[in-house]
Every structure is written in structure tokens, then in C-alpha cells.
Amino acid sequence: MQNDRLIRALRREPVDRTPVWMMRQAGRYLPEYRATRSRAGDFLSLCRTPELACEVTLQPLARFELDAAILFSDILTVPDAMGLGLYFADGEGPRFERPVRDAAAIRRLAVPDPAAELGYVIDAVQLIRKELDGSVPLIGFAGSPWTVATYMVEGAGSKNFAHIKGLLYDAPADLHRLLDTVARATVAYLNAQIAAGVQVVMLFDTWGGVLTPRAYRDFSLQYMQRIVAELVAGPDGSRVPSILFTKGGGPWLEDMAETGCDALGVDWTVNLDEARRRVGHRVALQGNLDPAVLYAAHRVIRAEVARTLESFGHGSGHVFNLGHGIHPGVDPAHAAAMIDAVRELSPPYHAT
């Protein structure tokens, strides 16, 4: 591989500078993405057309000097493949025609075959790997079982998570059955991505932070730990690094570090020096610039990048990223300013 900084950093091996990529780096802030999405007709068609998914995956790498590509897809492809009727309402985000809200509906769910119901994702992975031609690693991903289940039960995004939290407290055995099914589907899905060529996998636990500490461990973390334990090696026999990211997960970093994953994504609510002190040498850290910084002037972006690098400090094991996904309204030139600053300011932190 021509640029393996990300892989080495995730393994806490020496690098010449801090690798950088962005969550949602292929997205609405890029005019070229908006043009491709317009050609596709709608978001789901874009996801389900391997050639277009490949095109938008590669767009940020053509514009920025990034150290990784991330597969363009969505965390809700798995429940969509379970037959819940995923669609996207204008201005309202994802919705399901058939939410899962009782024991009977949960029992009817089956684990989809990635090669069949999710074959368009696997085809996209293979096409992207071919187009990357070893230039940078390709990151595959899935939603955490808890996060995916919130959409399956609520039927859409939620502010108070009334339906799934009602299930959690009133019928925990039913919720565990649902999470078990989603976890098995996620293992199969990620292992199919690995077989197709992804070189890193990431679990996005967007809604883990809405749980109490005990509920987080019981209904989110244990399922992510199980997924990590069941990931297969890459086609060449090497271990595929895994990243766990729980938005709002700062209180549980120590527990997350014990899952067997290789790295933790950290949002902007925790300083990296504190996170590093708490997890020690068990895992690498990824993050954690506040995405809103990218609305600021270039000099401010550079100063905040410098502050983030200083917070992690010297040595290996840091992947620079935002604390969550890049906002749709960000000027691409501001994203470039951040990336350039990481490339220019990080080498002294890796000098031996």
C-alpha cells in the first residue's frame, strides 16, 4: 500500500505524521457529491448503485490529501435488507414503513445474506478497492446494534427514544432478542465487507450516549464487543483494525477500550489528553475536532488543529478526525485548511 499511515496509527506503530480523514467526508458539503446525487435521483439509489457509490467515495480524495477512503453507504442498509421499508422523507431523514415494536415483529426478523440482499454494498467495496489501486486504505463500517435498533423501533429519528426505551425497561428480553439479531446481521455484513477488501472497519454508535451507564453496557457495549470478537481476518490473513465510536461515550472510554477493538473514536466533549491517560496503551484514539470549527476562519481552524494535536501529544496512536461528521454547510476550502494544518503541524509529534 502506498500510504498505510492509518493502518500503522491504528496499530499504534510509528508514523511520520498524524493520519487524517473525516467522518462523512463524502457528502453534501461537496458540490461534486450534490451533482452525483442529483444524477442518481435520490439518496437510496445513490447507495444502491455501486458505480455511483464508488464515484462519491473517491471524490474527497481527488480534492483533499486524505489518508483513507470510507465506503459510501448508510448505517440503515442492514434493517432495510430485513424488509422494513427504508425511505428518506424530504427534510426529515430516514424512516421505516414497518417499525419493529413488539415480540412478534422481532421474532419475524431474519439475518440477511450480505451477498444477496446487500450485494450492492459488496460490489461497491470491490469496485472502490480496484479504483484506489493501493493508494490509501478503505474503511468499511456499520451502525452499532443499539443505534440501528433505535431507528428500527422508533421508525425514524427521535428526540426522546420513547418506543425503544419503553421496550428496554418494559420488555428487556425482547430488546435483547432484537439486538442479538442485529448483531448477527452486522457480523455477517462486516465480514463480507472484509472479504471484499475493506482494510479497516468502524462501528458507529450514534445513540449510545442517550443511555444510562448500566444500560449502555448491557444494551450497546456488549453487542459491539461481540461484533469485534467475531470479525474475520483480511484476505491476506492479517488482522483488520476496528474502531468503535460512541457519540457522547466519554464516560465509558475505559470500558470501550476493553472490548478488543484497536481504536476509539472520541467526540469533542472529551480532551484527548484525558482520553489518552484513561485508556493508556490499550487502544489508539481517533478525533476529535468540533465539526463547527470548520465554519471559522482559516487561522482559527489552524489554531484549533494545533490545540488538538497538542492535546494528544507526542507518539503514535492518533488518527486526526472530527468529533462527528462534517456539517453539510461547511465550505470545502475550510476542510482543506484543516487537512493541510494536520499535515504541516503534526510531524514534530512523531519525531524520534
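Side chains are part of it too, since the values below use all heavy atoms of this structure and drop only hydrogens, waters and symmetry mates. This one's a predicted model, so the numbers in the text were calculated from it and none came from an experiment. Starting from 1, each residue takes its place in the sequence as its number.
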Give a yes or no on whether the backbone of [Y] and the side-chain of [X] come within a donor-acceptor separation of less than 3.5 Å.
{"X": "S311", "Y": "D273", "answer": "yes"}
{"X": "E154", "Y": "I164", "answer": "yes"}
{"X": "N321", "Y": "W21", "answer": "yes"}
{"X": "Q193", "Y": "F141", "answer": "yes"}
{"X": "D205", "Y": "L244", "answer": "no"}
{"X": "R39", "Y": "A35", "answer": "no"}
{"X": "R278", "Y": "G250", "answer": "yes"}
{"X": "R307", "Y": "R302", "answer": "no"}

Any [X] side-chain heavy atom under 4.5 Å of [Y] side chain:
{"X": "P172", "Y": "F219", "answer": "yes"}
{"X": "W252", "Y": "L264", "answer": "no"}
{"X": "F96", "Y": "P79", "answer": "yes"}
{"X": "L322", "Y": "L289", "answer": "yes"}
{"X": "H324", "Y": "F245", "answer": "yes"}
{"X": "Q59", "Y": "R63", "answer": "no"}
{"X": "D67", "Y": "V342", "answer": "no"}
{"X": "Y295", "Y": "H334", "answer": "no"}

Do H318 and Y349 have side-chain atoms, one donor and one acceptor, less than 3.5 Å apart?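 There is no such pair (donor and acceptor under 3.5 Å, judged by atom type) between the side chains of H318 and Y349.
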Does any donor atom in the side chain of Y216 or T246 lie under 3.5 Å from an acceptor atom in the other side chain?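 Present: a donor and an acceptor within the cut-off.
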Just verifying a value: how many Å separate [X] [atom1] and [Y] [atom2], rounded to the nearest 0.5 Å?
{"X": "L168", "Y": "T212", "atom1": "CG", "atom2": "OG1", "result": "7.5 Å"}
{"X": "L127", "Y": "C54", "atom1": "CG", "atom2": "SG", "result": "4.0 Å"}
{"X": "T308", "Y": "E304", "atom1": "OG1", "atom2": "CD", "result": "6.5 Å"}
{"X": "R24", "Y": "L30", "atom1": "CZ", "atom2": "CG", "result": "13.5 Å"}
{"X": "S242", "Y": "L190", "atom1": "OG", "atom2": "CG", "result": "9.5 Å"}
{"X": "R282", "Y": "M256", "atom1": "CZ", "atom2": "CE", "result": "12.0 Å"}

Could you please spell out the steps behind the side-chain contact (heavy atoms from CB on, under 4.5 Å) verdict for V210 and W146? CA-CA 11 Å; V210 306; W146 163 258; 4.2 Å; yes
Assess the residue pair D42 and Y87 against the criterion (side-chain contact (heavy atoms from CB on, under 4.5 Å)); give the C-alpha distance rounded to whole Å, side-chain angles, the decisive distance to 0.1 Å, and a yes or no. CA-CA 10 Å; D42 58 67; Y87 68 99; over 6 Å; no
Give a yes or no on whether [X] atom [atom1] has more than 12 heavy-atom contacts from other residues, nucleotides or ligands under 6.0 Å away.
{"X": "H281", "atom1": "NE2", "answer": "no"}
{"X": "E254", "atom1": "CD", "answer": "yes"}
{"X": "R28", "atom1": "CZ", "answer": "no"}
{"X": "E65", "atom1": "CD", "answer": "no"}

Is there a side-chain contact (heavy atoms from CB on, under 4.5 Å) between F312 and F320? Walk through the geometry before answering. CA-CA 10 Å; F312 182 86; F320 198 99; over 6 Å; no
Once side-chain hydrogen bond (donor to acceptor under 3.5 Å, both in side chains) is applied, what residue pairs with a partner in residues 102-113 remain, sequence neighbours excluded?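 Applying side-chain hydrogen bond (donor to acceptor under 3.5 Å, both in side chains) to every pair that reaches into residues 102-113, excluding sequence neighbours, yields nothing.
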For [X] against [Y], the heavy-atom pair lying closest together:
{"X": "I106", "Y": "R177", "answer": "CG2-CG, 3.8 Å"}
{"X": "L285", "Y": "V266", "answer": "CD2-CG2, 3.9 Å"}
{"X": "L203", "Y": "G143", "answer": "CD2-O, 3.8 Å"}
{"X": "M152", "Y": "V182", "answer": "SD-CG2, 3.8 Å"}
{"X": "V78", "Y": "P112", "answer": "O-CG, 4.2 Å"}
{"X": "V111", "Y": "T181", "answer": "CG2-O, 3.8 Å"}

Run the ring-ring contact (aromatic ring centres under 6.0 Å, His included) test against Y189 and tell me which residues pass, sequence neighbours left out.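 Here no residue qualifies.
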Start with the C-alpha gap between Q25 and I326, add the side-chain angles, then the distance that decides, and say whether side-chain contact (heavy atoms from CB on, under 4.5 Å) holds. CA-CA 7 Å; Q25 66 187 24; I326 187 169; 5.7 Å; no
Pick out which of I70, L10, V198, I7 makes a side-chain contact (heavy atoms from CB on, under 4.5 Å) with P137.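 Of the listed residues I70, L10, V198, I7, the side-chain contact (heavy atoms from CB on, under 4.5 Å) partner of P137 is I7.
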Salt bridge check: are R184 and D180 linked by an N-O gap of less than 4.0 Å?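 Yes.
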Ionic contact status for R11 with D262, cut-off 4.0 Å: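 Looking at D262 and R11, the cut-off is not met.
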With under 30° as parallel and over 60° as perpendicular, where do the rings of Y29 and F64 fit, or are they tilted in between?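 Correct class here is parallel.
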Please name the residue in the list R343, R5, H350 that meets the side chain to side chain donor-acceptor pair (under 3.5 Å) test with T18.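 Per the side chain to side chain donor-acceptor pair (under 3.5 Å) rule, the option paired with T18 is H350, out of R343, R5, H350.
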